[in-house]
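The block underneath contains the structure these notes are about, expressed in structure tokens.
Proteins get letters first, then strands, A, B, ... in listed order; numbering begins at 1 in each.
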There are 2 protein chains.
Amino acid sequence: MESQARGVRARSTAAPQTDPEGFWPLLIEFALSQRFWWVKLCTDLDLTPMQGHALRMLDPERPVAMSSLADALVCDASNVTGIVDKLESRGLIARQGATRDRRIKMLVVTDRGRKLRDQLAARMLVPPPAVAALAPPARRRLAEVLRAILAERST
Amino acid sequence: MESQARGVRARSTAAPQTDPEGFWPLLIEFALSQRFWWVKLCTDLDLTPMQGHALRMLDPERPVAMSSLADALVCDASNVTGIVDKLESRGLIARQGATRDRRIKMLVVTDRGRKLRDQLAARMLVPPPAVAALAPPARRRLAEVLRAILAERST
DNA sequence: TATTGTTATACTCTATAACTATA
DNA sequence: TATAGTTATAGAGTATAACAATA
């Protein structure tokens, strides 16, 4: 949920029709609130949000084509060029030519990039107090549902 | 979850310590995936993501100060000036002077803005098939858990 | 003096279109 | 001809600093 300082908050003006328990609006409200969480996480590690996403989506075990990263980030290839430029200039990743198709450039995560990526992953996995305090059965149930939702790819 | 075209996906390299059910990583993965969902929702209504957030956070029932909107959007006041400029130039909101303190400018949602805001709210409330298919008891339980998390304000 | 909002500036993200070098 | 990536360009979000009006 976004800040409610001075009483400002999102207000719903329409009623849900297939979700009388209000589950979906709550999930959405939560998801949108994580915008700030992600920005802070990345900023703390001197990354922009998109640079953080890029580093997260790259595979530390094997090279990934620029075009694959563009797909993963759901943005244009021209955009990826700039994002990769910045990460490469900091020595976090590197461009490599592909052997068979010389048009393709593969991206590899450097040792330095891997360290930063691991830090990011570690911080991502630290749940906020409210989540850590949940009883295990409640977490287990919610985890099952989220797994089912993510498996659908329909959102 | 971001696109997995050509096999690219986020990989975790660290293990959670206080969340053996994997609840938190799933929740985060879900939250981050909603980035694209929100962008599309706003784009369909000819709004940028931030303009959508601004319209969502404003109160159609009463004027809101620029500074309050800045708090709600968690961004600088100078930033809000530009976002408000664009919404106002489209006739979706309007600036009003405050009576007691003439430094303050209050924002009101116009009739046109209200219609667009309602459309946005209505589309937000349509759950994806995987969510709509959940049994009511499951939804009810999960709604309780999410309410508890959001009430904490600690994320 | 302090606060509200604006302006100026600079950087990042974003897409489109034109370009190159390959295929 | 088609594809992978780059460059040029323009619009939007972002913060910092300096500013005007008001308190």
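- Protein atom CD of A:Q51 is 10 Å distant from nucleotide atom C1' of C:dC13, rounded to whole Å.
- Rounded to whole Å, atom P of C:dG5 lies 10 Å from atom CG of B:D71.
- Between D:dG13 and A:R35, no contact under 4.0 Å exists linking OP1 or OP2 to a side-chain N or O.
- Looking at B:D111 and B:K115, no side-chain N of the basic residue comes within less than 4.0 Å of a carboxylate O on the acidic one, giving no salt bridge.
- In this structure, B:D76 atom CG and C:dT9 atom C1' are separated by 13 Å, rounded to whole Å.
- When rounded to the nearest whole Å, the span between CG of A:L69 and C1' of C:dC13 equals 14 Å.
- Geometric assessment of A:R35 against the ring of B:W38 yields a negative cation-pi assignment under the 6.0 Å and 45° thresholds.
- Whole-Å rounding puts the A:F36 CZ to D:dA15 P distance at 10 Å.
- Taking side-chain N and O atoms only, B:K86 has a distance below 4.0 Å to OP1 or OP2 of D:dG13.
- OP1 or OP2 of C:dG5 has at least one side-chain nitrogen or oxygen of B:S67 nearer than 4.0 Å.
- Nearest-nucleotide assignment on DNA chain C puts the 5′-proximal partner with B:R95, out of B:R95 and A:G82.
- With distances taken from any side-chain atom of A:C75 to the nucleotides C:dG5, C:dA15, D:dA15, the minimum falls on C:dA15.
- Per the geometry, NE2 belonging to A:H53 stands 14 Å off C1' belonging to C:dT12, to the nearest Å.
- At a cut-off of 3.5 angstrom, the base of C:dT22 holds no donor-acceptor pair with the side chain of A:R102.
- At a threshold of 4.5 Å between non-hydrogen side-chain atoms, the residues A:L107 and A:E88 do not count as touching.
- Taking atom CD1 on B:I83 and atom C1' on D:dA15, their separation rounds to 12 Å, with Å as the unit.
- Both B:W37 and A:L26 are members of a single hydrophobic cluster when ILVMFWY side chains are connected at heavy-atom separations under 4.5 Å.
- What separates CG of B:D85 from C1' of D:dG13 is a distance of 13 Å, to the nearest Å.
- Contact check, A:S78 against D:dA8: no side-chain N or O comes under 4.0 Å of OP1 or OP2.
- Residue B:M66 has its side chain nearest to C:dT6 when only D:dT16, C:dC13, C:dT6 are considered.
- Nearest-nucleotide positions on DNA chain D place A:D101 closer to the 5' end than the other of B:R100 and A:D101.
- Each of A:I104 and B:A77 was assigned the nucleotide of DNA chain D with the nearest heavy atom; the assignment lying further toward the 5' end belongs to A:I104.
- Set against D:dT6, D:dA15, C:dT22, the side chain of A:K105 has D:dT6 as its closest nucleotide.
- Residues A:D118 and A:R114 are not paired through a salt bridge, judged by the lack of any N-O separation under 4.0 Å between the basic side chain and the carboxylate.
- When heavy atoms are screened at a 4.0 angstrom cut-off, A:N79 is found touching base atoms of the nucleic acid.
- Counting non-hydrogen atoms under 4.0 angstrom, A:T81 reaches a base of the nucleic acid.
- For B:R95 and B:D85, the salt-bridge test passes: some basic side-chain N is under 4.0 Å from an acidic carboxylate O.
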